[in-house]
Chemist: 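Below: one structure in structure tokens.
In this text, all values refer to a predicted model and were calculated from it rather than measured experimentally. Protein chains get the first letters and strands the later ones, always in sequence-line order, with residue 1 at the start of each.
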There are 2 protein chains.
Amino acid sequence: MRKKSEKSKVSLRDVATRAGVSTATVSRVLNKQNYISHSVKTRVEKAIKELDYSPNRVARRLRVRDGERRLLGLLVPDIQNPFYVDVIRGVEDMVFARDYAVYICNFAQNYEKEKTYLNKLQSESIDGLIVAPYHEEDKMVISLVREKFPIVCVDRGLKGVDVDLVVVDNDKGAYNAVNHLIDVGHRRIGYVGGLYSIPTSRKRRDGYVKALVDNGLDVEEDLIKFGDSKHESGMRLTAEFLDMPRPPTALFTGNNVITLGALETIHSRGLAIPTDIAIVGFDDMFWANSLNPPLTAVLQPGYEIGRQAADMLFERLEEPGREPRKIVLNTRLMVRQSCGAGMLKEAEE
Amino acid sequence: MRKKSEKSKVSLRDVATRAGVSTATVSRVLNKQNYISHSVKTRVEKAIKELDYSPNRVARRLRVRDGERRLLGLLVPDIQNPFYVDVIRGVEDMVFARDYAVYICNFAQNYEKEKTYLNKLQSESIDGLIVAPYHEEDKMVISLVREKFPIVCVDRGLKGVDVDLVVVDNDKGAYNAVNHLIDVGHRRIGYVGGLYSIPTSRKRRDGYVKALVDNGLDVEEDLIKFGDSKHESGMRLTAEFLDMPRPPTALFTGNNVITLGALETIHSRGLAIPTDIAIVGFDDMFWANSLNPPLTAVLQPGYEIGRQAADMLFERLEEPGREPRKIVLNTRLMVRQSCGAGMLKEAEE
DNA sequence: GCATTATATGAAATCGATTTTAGAGTTTTA
DNA sequence: TAAAACTCTAAAATCGATTTCATATAATGC
């Protein structure tokens with residue numbers, strides 16, 4: 001009847017008493033260890049069921065050795081960015097399946113906050129960490145890697161250390177996007193990038209440049225701009241492009257936040273996509289199809305990144321000594337209607 | 001030099017030894033308790049600094065009494081929904097400021113998963129929980145509330161129990177939105193709601209109905225549809241509306257996910273907003289301004305909901321006996337361009 | 001059939017903190 | 001000036017699990 005209302009939590013000791021065995025034995029049953037007689041095992045399991053016992057993970061975590069605490073940390077730069085939410089979901093699903101827990105921290109592009117969280121995570125005795133570092137020279141993360149703390153980086157790497165890494169082929173993704181723009185006829189294409197200090201921003205620029213070069217187009221420095229990965233900078237840089245004496249006919253925006261800013265500026269000026277200005281964005285988001293017109297975008301498999309990163313971290317926990325690995329996932333260009341084949345004719349004349 | 005590289009974590013015992021005092025004394029210094037002589041205090045603090053000691057939160061959590069473990073749980077139905085991300089951020093900021101930790105769990109609209117997380121959270125010895133329950137008859141959450149476990153509900157309440165609650169005035173928000181639609185000339189307005197079993201879906205319907213009634217308009221049952229809070233159902237229900245012999249001239253969509261679905265359907269049919277069909281959405285999202293045209297929407301203060309919920313939970317931890325409270329926050333109608341004053345004329349003829 | 005090994009269990013130590021208990025030295029109070 | 005009340009600190013107990021160590025019995029080898 002009122003099983004749950006006996007307030008004080010039942011402990012392993014209670015189970016042991018009930019089953020008439022020692023706590024050590026109960027622990028062995030719990031952890032499926034060898035050398036347990038069938039009769040004792042069923043007796044203990046019965047007691048566990050009767051008492052509705054479930055182990056205290058905190059106590060366990062305190063006792064077990066490194067790497068067996070069943071707690072991971074996940075540190076992301078911006079939880080408002082749906083890309084990282086996908087990563088979170090990927091990690092979460094893997095962790096859930098293994099009965100681990102994951103302590104999700106959002107440092108909101110704030111280096112101080114990242115440091116604080118890093119310390120807190122350690123105080124919580126995490127087994128390992130998945131992180132998209134503030135930037136590639138992130139001192140604290142680098143020093144953790146040097147100390148051999150189990151870390152997997154996602155989205156961005158680290159300078160000067162070898163670390164497990166799951167990224168996307170940013171060059172190729174950008175290349176394909178810009179190539180598509182060129183295919184449909186564009187010759188003047190602007191790149192609106194995120195924060196210069198973040199590797200992905202530069203990689204995507206590289207892909208942009210390569211696509212131009214491979215197609216025999218000139219690379220003009222004033223068609224390349226970097227911002228600060230905030231919505232506002234997407235607006236501002238786009239405005240700068242549109243204000244040029246001879247503005248580009250297409251824009252390649254470096255991440256979803258920037259894309260949103262660009263769209264806002266474009267719409268506010270009453271320009272039509274793709275006829276007045278075409279656009280391809282890095283990051284395919286769940287609202288891309290709801291835009292008017294639907295946005296052509298580079299899909300990053302965020303969920304998969306999260307899954308693979310978690311997997312990689314589990315591997316490292318099992319084999320701390322192994323060499324760091326790097327996984328590069330492919331992007332996919334989701335062609336919708338913001339580039340416009342109609343451009344072709346116009347450009348040909 | 002190589003302070004950090006001495007792998008084994010320094011413990012309170014090490015500090016005690018170094019300072020030449022007992023562990024109890026170090027603990028007292030750490031917790032700013034009375035009866036510590038100045039000299040001992042500074043000695044201990046010096047040792048802490050020299051050893052770069054930081055306390056193990058897991059060990060602490062095991063020992064301290066209920067409500068002092070510095071760990072909260074936060075359980076949301078869908079982390080991909082930016083509204084909940086705002087709530088998360090609000091909670092996170094409060095928790096961060098108090099040196100608590102928060103275990104964020106996403107049950108992804110899955111009742112089984114919610115149950116699993118609820119158990120896990122208890123195993124992790126959380127002090128209290130902030131949750132947007134699966135629905136208002138969520139048995140597990142209700143039984144926790146009955147057991148007097150510290151819980152604050154957000155977004156949705158619970159049936160049959162009195163619980164701390166932070167919600168938004170859904171009726172009024174919906175009322176204002178629909179009223180606006182009527183103001184600009186619409187007479188046939190469809191409501192595309194989320195899951196019927198979620199209180200907010202019905203509250204928003206109520207506001208919709210009241211606005212019609214207050215304006216002397218008929219409430220037609222076939223202009224009210226409920227879906228399942230998934231993108232796809234927003235698409236489908238909107239299609240149903242548009243396929244009616246005499247379709248509505250405006251749609252009021254019940255949440256951001258539904259809104260996105262509705263927009264997708266509208267655009268795919270080549271209809272123009274607001275001239276062919278107008279739309280107001282519940283939930284103002286950061287991309288609303290980037291839509292074409294910018295979306296008129298009901299802003300829910302998600303961040304503030306999170307803050308207040310965390311605050312309320314802290315209060316409850318301090319005073320477990322107090323009566324449950326309910327906070328109702330206001331929404332704000334963000335008028336942009338998806339309703340169109342232009343409608344007025346057409347409707348008048 | 002006896003030494004060895006495998007199986008099965010319990011007692012006690014342990015993880016790293018907080019808290020209780022106890023007691024020594026000081027100050028205040030009556 | 002003796003009792004009471006503070007002030008300060010240490011030793012030991014504690015939180016709830018896992019792990020080590022010890023030991024008893026059963027199975028196996030030769």
Side-chain angles (χ1 to χ4, degrees), chain A residues 7-45 47-48 51 53-71 99 101 120 122-127, chain B residues 7-44 47-48 51-71 99 101 120 122-127:
Chain A
K7 53 199 321 159
S8 67
K9 203 67 174 97
V10 0
S11 77
L12 182 143
R13 172 168 238 106
D14 302 323
V15 174
T17 308
R18 175 100 176 196
V21 297
S22 72
T23 59
T25 299
V26 178
S27 177
R28 282 189 200 105
V29 172
L30 244 34
N31 297 291
K32 307 191 206 309
Q33 289 182 9
N34 295 327
Y35 305 149
I36 291 281
S37 69
H38 186 69
S39 72
V40 166
K41 190 177 165 207
T42 53
R43 202 140 45 94
V44 169
E45 281 167 349
I48 288 177
L51 294 173
Y53 165 76
S54 87
N56 181 323
R57 299 176 69 112
V58 176
R60 177 179 186 285
R61 187 166 300 141
L62 177 59
R63 187 57 173 87
V64 300
R65 72 169 70 77
D66 273 19
E68 316 214 328
R69 299 195 236 267
R70 308 237 180 101
L71 177 64
D99 194 35
K120 212 174 224 174
Q122 297 216 276
S123 301
E124 292 284 0
S125 297
I126 56 170
D127 288 319
Chain B
K7 52 198 321 157
S8 67
K9 201 71 173 90
V10 358
S11 78
L12 182 142
R13 170 167 240 107
D14 301 324
V15 175
T17 308
R18 173 103 178 194
V21 298
S22 73
T23 60
T25 299
V26 179
S27 177
R28 279 188 207 104
V29 173
L30 243 35
N31 297 290
K32 307 191 203 311
Q33 289 182 11
N34 295 328
Y35 304 148
I36 290 282
S37 69
H38 186 70
S39 73
V40 166
K41 189 175 165 209
T42 53
R43 202 139 44 92
V44 169
I48 288 177
L51 294 175
D52 190 23
Y53 166 76
S54 87
N56 180 324
R57 298 176 70 111
V58 176
R60 175 178 187 286
R61 186 165 302 141
L62 178 58
R63 187 60 174 87
V64 299
R65 73 168 72 76
D66 274 18
E68 314 212 330
R69 299 194 236 269
R70 308 234 180 103
L71 177 64
D99 193 35
K120 212 173 226 174
Q122 297 214 277
S123 302
E124 291 284 0
S125 296
I126 57 171
D127 288 320

Chemist: Which nucleotide of DNA chain D is the first, and which the last, in the 5' to 3' direction, to come under 4.0 Å of a heavy atom belonging to chain A?
Modeler: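 Contacts span D/dG16 to D/dT20, reading 5' to 3'.
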
Chemist: How would you summarise protein contacts on nucleotides 7-12 of chain C per nucleotide, using B for base, S for sugar-phosphate only and - for none, with heavy-atom distances below 4.0 Å?
Modeler: SBBBB-

Chemist: Any side-chain to backbone donor/acceptor pair from B/Arg57 onto A/Glu124? Under 3.5 Å, distance only.
Modeler: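 Not confirmed, B/Arg57 side chain does not pair with A/Glu124 backbone.
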
Chemist: To the nearest 0.5 angstrom, please state how far the CZ atom of B/Arg61 sits from the CZ atom of B/Arg69.
Modeler: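 So the CZ of B/Arg61 and the CZ of B/Arg69 are separated by 9.0 Å.
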
Chemist: Under 4.0 Å between any heavy atoms, over every strand shown, what does B/Ser11 touch: base, sugar-phosphate, or nothing? Just pick one.
Modeler: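 Sugar-phosphate: the residue B/Ser11, judged by heavy atoms under 4.0 Å, touches backbone atoms but no base.
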
Chemist: State the CD-CZ distance between B/Glu68 and B/Arg60, to the nearest 0.5 angstrom.
Modeler: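 The CZ atom of B/Arg60 is 7.0 Å from CD of B/Glu68, to the nearest 0.5 Å.
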
Chemist: Nearest heavy atom decides the nucleotide; on that basis, is A/Glu68 or A/Val58 closer to the 5' end of DNA chain D?
Modeler: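 So the residue in question is A/Val58.
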
Chemist: Would you call A/Asp99 and B/Lys120 a side-chain contact if the rule is heavy atoms closer than 4.5 Å?
Modeler: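 Counting from C-beta outward, A/Asp99 and B/Lys120 do come under 4.5 Å.
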
Chemist: So, taking the atom named CZ in B/Arg18 and the one named CD1 in B/Ile48, what distance separates them when rounded to the nearest 0.5 Å?
Modeler: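 Here the interatomic distance stands at 12.0 Å.
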
Chemist: Would you compute the distance between atom CG of B/Asn56 and atom NZ of B/Lys9 and round it to the nearest 0.5 angstrom?
Modeler: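 Rounded to the nearest 0.5 Å, the CG-NZ separation comes out at 7.5 Å.
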
Chemist: Are the side chain of B/Ser27 and the backbone N or O of B/Thr23 linked by a donor-acceptor pair below 3.5 Å?
Modeler: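 Answer holds: no.
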
Chemist: Looking at every heavy atom in both B/Val10 and B/Val15, which two are closest together, and how far apart are they?
Modeler: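 B/Val10 and B/Val15 have their closest heavy atoms at CG2-CG2, 4.5 Å.
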
Chemist: Provide, to the nearest angstrom, the distance between the CG atom belonging to B/Asn31 and the P atom belonging to C/dT18.
Modeler: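 Value for this atom pair: 5 Å.
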
